[in-house]
Each structure stands twice: as C-alpha cells, then as structure tokens.
Amino acid sequence: MIWKLSMKNVKMHRAINVIIVVQLTIVFIISILCVSTITSRYKEYSSIKEYLQKDGLYVYILNLINPESGFIVEDSAELESNLKSAEVISCYNLWIEYKFDGYFLDIETRAYDKEIISSYKPVLKEGRYLEEKDNDTDIIEVIVSNNNTFKVGDTIFAKGVFEEDKDKLIEVKVIGVLEEGATIYGNNTITQYNGNYTALFENYYFEIEEAPMFLMSKEDIASTMKNMGDYYITSMIKGTTIIIYNNDISQYEKDYNTKYLDQNGNISIERELREIDENSKEYIFSQVSTLLPIIISVFILTMISSLSTNAISTNNQLRNFSIFYICGLRWKKCILVNITSSIILLSISIMLSSLLIYGGINMGIISNKVVEVGIYQVGICAIIAIIYIILSMLLPIKIIGESTPNEILKQNNRG
C-alpha cells in the first residue's frame with residue numbers, strides 16, 4: 001500500500017517533482033564527471049608511482065650509442081649492461097614494414113617493456129590489451145590507434161627492414177583498438193615537459209596525426225623472433241625512459257651513469273624520479289582543489305533547492321496525509337509515503353543521469369577515456385543519495401509533526 005500511495009503522490013505533483021528530478025540529475029552528472037576527471041589523472045600517476053618514488057632518473061632519449069659496438073642501443077638490457085647498478089624501463093621504435101591488402105605500409109610502431117604493459121592499460125574502443133600470454137606464440141599481437149583501416153581480428157604481415165630473408169613475413173594480429181584521444185604511455189612531444197607524470201604520457205588523436213600507430217610488447221617481439229629462428233627486427237631505445245638505481249648504488253656510479261648518457265646519447269630531458277613524483281602529487285592536489293569546490297557548490301545549491309521544493313511538496317500533500325490518517329494510516333506511515341516518493345524521484349534521477357552520460361559518450365559529446373564507473377563515482381552518488389533521503393525524511397517529520405490531522409483539515413476547509 002505504501003508503494004501505491006507513493007506512486008500516486010508522485011503523479012499528483014508532477015510539475016514540482018520534475019524540477020526535483022532535473023536538479024538531482026544535474027548534480028549526479030556534474031559529480032560523476034568531476035570525480036572521473038580526478039580519478040583518470042590519478043590512474044595514470046598510480047600506474048608509474050612505484051617507479052617515480054624510487055631513486056633514479058627520467059630521461060628522454062632521442063638516440064643512444066653503445067660505445068663498445070658503435071651501433072645504437074637496441075633494448076633496455078643492452079643499456080643496463082653499460083650502466084652501473086641500474087634497471088632500465090623504456091619504449092622503443094622499430095624498423096619494420098607492414099603488408100596489408102597487398103600494400104606495403106610504413107606505420108609508426110612503439111614497443112614497450114613488460115613493466116609498462118603490466119602497469120598501465122589505455123582506454124580501448126574495442127578488443128583487449130596486450131598480455132603476457134601473447135609472448136609464447138608465432139604471432140605478434142598489436143594494439144592500433146583509432147583509424148579507418150584496421151579493426152580487431154585483422155591479420156597484417158610484417159618484415160624487419162634489415163632482415164636478409166625478404167620473403168619471410170611475420171604474422172601480426174590486431175587484438176585491440178584505442179579510443180580516439182586515448183592516453184598512451186610514452187611522449188613524443190618533448191618540447192612540452194611540465195615536470196610531473198603527464199610528461200610520460202600523451203594523447204593520440206588519429207584525426208590530428210592522420211596516421212595510425214601500433215603498440216606492441218618488446219618481449220612478445222623477441223619471443224616471436226626466437227620462435228621463427230632468430231628473425232631480425234631492429235629496435236632502438238627512443239623517448240620516455242626510466243632508469244631505476246639499485247639501493248646500494250654509490251655517488252660515483254650515479255655520476256658515471258649521467259656521464260655515459262651525456263657522452264653517448266642525445267638526451268633532451270633528464271630529471272630525478274623523486275622530483276617528478278613530488279610535482280605529480282602537487283598537480284593532482286591542484287586538480288582536486290579546483291574540482292572539489294565545484295562539486296560541493298553544485299551539491300549545496302541543489303540540496304537547498306530540493307529542500308525548498310520538497311517543503312512545498314510536503315505542504316501540498318498535508319491534506320492528503322490527513323485523509324490517509326483518518327482512513328487509518330498513522331502519521332509515521334504518512335512520512336514513510338513521503339520518503340518512498342523521494343526514493344522514487346532519486347531512482348529516476350540516477351537512471352536519467354546514467355542514460356544522458358551513456359548517450360553523451362555514444363554521440364561523442366563526452367569522452368569515454370575520462371568518464372568511467374568505479375568505486376569513487378558510485379561512492380559520491382551514494383553520499384548524495386543518502387543526504388537527500390535524510391533531508392527528505394527530516395523535513396516532513398518537522399512539518400507534519402507541528403500539526404494534527406484535524407487542524408490541517410480545518411485549515412483547508414476555511415481556505
């Protein structure tokens with residue numbers, strides 16, 4: 001009976017209830033967007049926080065020569081052998097050509113060390129991301145940026161530029177497609193170093209670059225080449241590189257490593273990891289400091305407005321509650337009817353805000369790489385809902401508690 005009376009109550013006061021639903025929908029959408037913006041920032045930072053909090057260097061390598069061989073440094077293991085008491089995590093450029101639908105294509109390809117792949121996963125439009133299980137096959141799995149040519153499941157053939165056997169091709173399979181503008185690890189915009197973790201990432205837009213990009217696992221490439229009988233694909237350390245020092249490294253060894261990088265490579269950026277970590281924390285805090293007041297202000301304004309409309313709604317319903325009381329429904333049950341009505345409006349607002357966000361993502365108005373549904377988004381919505389229900393309960397108790405059913409009916413009859 002409570003449910004039926006609550007539904008009837010909602011229908012009887014449609015105009016004012018529409019206002020309440022719109023207000024709550026707005027506060028839900030703004031809160032989800034703001035919280036998603038903060039969590040997306042923290043997601044990128046937290047993926048590399050483990051490395052930034054260690055003693056070491058972030059360097060941006062344009063090229064690096066092995067002084068012993070005179071050739072470019074191809075991978076992190078080779079660089080580690082030339083440094084002292086250090087571990088290297090890096091990105092790579094590959095000298096590789098692709099064949100698709102009978103045409104040879106020159107596509108920018110970025111490969112990652114396994115630590116990067118396991119730490120950070122960009123937002124995908126479709127498919128899945130690179131995994132360790134991909135390493136034990138004769139196929140190289142690839143993630144492709146948003147594009148007009150490749151889709152999940154496509155098979156592409158590739159060959160190393162310097163491979164002697166020109167007829168021997170490697171099978172490359174597309175397993176995922178990036179969301180347009182997705183944030184990927186590694187940054188080719190070296191002129192925009194800003195001192196925090198964002199310098200290690202970039203947003204890749206197919207519409208701007210007008211060319212697709214391939215992302216691969218360096219370990220998967222090495223495993224596939226070995227399975228094919230030491231097939232040769234040349235790589236070089238390029239771009240974002242993290243050098244982590246061992247706990248027992250001496251100052252002499254640190255100076256040696258810095259000197260080695262300066263003398264044998266073209267290094268455009270060189271910063272201590274802990275400096276970037278401190279700057280990153282300040283950046284995230286500034287984001288929270290900027291967005292949190294917006295959430296609080298919108299919430300307060302919405303709650304005040306909702307309270308006003310709720311008070312008007314409760315006053316309008318007093319006559320109905322008095323009739324319910326005379327017919328045997330206690331005052332407590334009348335309050336329960338009002339609370340249930342508020343829960344119905346709250347449920348409609350949550351569904352409406354979800355539909356609007358989902359529709360905005362599908363229409364491209366809202367970026368899928370920012371908006372996500374997680375524990376923090378659910379948490380902020382739950383807090384808003386609980387506060388609204390509490391306020392919806394306390395106000396009718398106060399208004400109804402100040403009058404008896406007979407007084408209310410007499411006042412209405414006088415009117």
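Predicted model only: the values in this text are computed from it and were never measured.
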Please indicate whether [X] has more than 12 foreign heavy atoms, meaning atoms of other residues, nucleotides or ligands, lying under 6.0 Å from its [atom1].
{"X": "K121", "atom1": "NZ", "value": "yes"}
{"X": "Q53", "atom1": "CD", "value": "yes"}
{"X": "F100", "atom1": "CZ", "value": "yes"}
{"X": "E126", "atom1": "CD", "value": "yes"}
{"X": "K54", "atom1": "NZ", "value": "yes"}
{"X": "E207", "atom1": "CD", "value": "no"}
{"X": "D248", "atom1": "CG", "value": "yes"}

Would you say [Y] and [X] are linked by a side-chain donor-acceptor pair, where the criterion is simply a distance under 3.5 Å?
{"X": "D277", "Y": "Y45", "value": "yes"}
{"X": "N257", "Y": "K84", "value": "no"}
{"X": "N82", "Y": "E78", "value": "no"}
{"X": "S90", "Y": "D113", "value": "no"}
{"X": "T198", "Y": "N196", "value": "yes"}
{"X": "Y42", "Y": "K49", "value": "yes"}
{"X": "N146", "Y": "E179", "value": "no"}

Nearest 0.5 angstrom please: [X] [atom1] to [Y] [atom2], how far?
{"X": "L346", "Y": "I20", "atom1": "CG", "atom2": "CD1", "result": "11.0 Å"}
{"X": "D220", "Y": "I117", "atom1": "CG", "atom2": "CD1", "result": "8.0 Å"}
{"X": "N264", "Y": "I72", "atom1": "CG", "atom2": "CD1", "result": "13.5 Å"}
{"X": "E97", "Y": "L169", "atom1": "CD", "atom2": "CG", "result": "10.5 Å"}
{"X": "N266", "Y": "L261", "atom1": "CG", "atom2": "CG", "result": "11.5 Å"}
{"X": "I156", "Y": "E171", "atom1": "CD1", "atom2": "CD", "result": "10.5 Å"}

So which heavy atom on [X] is nearest to which on [Y], and how close?
{"X": "P212", "Y": "F150", "result": "CG-CE1, 4.2 Å"}
{"X": "P122", "Y": "I184", "result": "CB-CG2, 4.3 Å"}
{"X": "L64", "Y": "G265", "result": "CD1-CA, 3.5 Å"}
{"X": "G181", "Y": "N203", "result": "O-ND2, 3.1 Å"}
{"X": "S31", "Y": "I384", "result": "OG-CD1, 3.5 Å"}
{"X": "Y245", "Y": "A86", "result": "CD2-CB, 4.1 Å"}

Short question: side chain of [X], backbone of [Y] - any donor-acceptor pair under 3.5 Å?
{"X": "E115", "Y": "I89", "answer": "no"}
{"X": "N279", "Y": "G195", "answer": "yes"}
{"X": "Q263", "Y": "Y260", "answer": "no"}
{"X": "S223", "Y": "E219", "answer": "no"}
{"X": "T234", "Y": "W95", "answer": "no"}
{"X": "T258", "Y": "K254", "answer": "yes"}
{"X": "S119", "Y": "I116", "answer": "no"}
{"X": "E141", "Y": "V174", "answer": "no"}

Between D154 and K151, is the closest basic N to carboxylate O distance under 4.0 Å? yes
Let me know which of Y92, Y98, Y112 forms a ring pair (Phe, Tyr, Trp, His ring centres under 6.0 Å) with F214. Y98
Per ring pair (Phe, Tyr, Trp, His ring centres under 6.0 Å), Y120 is matched among Y185, Y129, F201 by F201
Close side-chain approach of [X] and [Y], heavy atoms under 4.5 Å:
{"X": "Y60", "Y": "L200", "answer": "no"}
{"X": "K43", "Y": "T183", "answer": "no"}
{"X": "S36", "Y": "Q377", "answer": "yes"}
{"X": "L62", "Y": "I267", "answer": "no"}
{"X": "Y58", "Y": "T241", "answer": "no"}
{"X": "I65", "Y": "V73", "answer": "no"}
{"X": "I221", "Y": "S235", "answer": "no"}
{"X": "N246", "Y": "D55", "answer": "no"}

Evaluate M216 against T109 for side-chain contact (heavy atoms from CB on, under 4.5 Å), listing each step before the verdict. CA-CA 7 Å; M216 295 180 177; T109 303; 3.9 Å; yes
For I29 and L356: C-alpha separation, side-chain torsions, deciding distance, then whether side-chain contact (heavy atoms from CB on, under 4.5 Å) applies. CA-CA 8 Å; I29 290 175; L356 289 173; 3.7 Å; yes
Just do the side-chain contact (heavy atoms from CB on, under 4.5 Å) check on Y51 and I243 with the steps written out, would you? CA-CA 9 Å; Y51 308 121; I243 300 173; over 6 Å; no
Run E202 and R110 through salt bridge (charged side-chain N to carboxylate O under 4.0 Å, His left out) and show every step you take. CA-CA 13 Å; E202 72 171 322; R110 183 179 298 173; 2.7 Å; yes
Run the side-chain contact (heavy atoms from CB on, under 4.5 Å) test on R271 and L57 for me, step by step, so that the C-alpha distance in whole Å, both residues' side-chain angles and the decisive distance to 0.1 Å come before the verdict. CA-CA 6 Å; R271 296 289 189 277; L57 296 173; over 6 Å; no
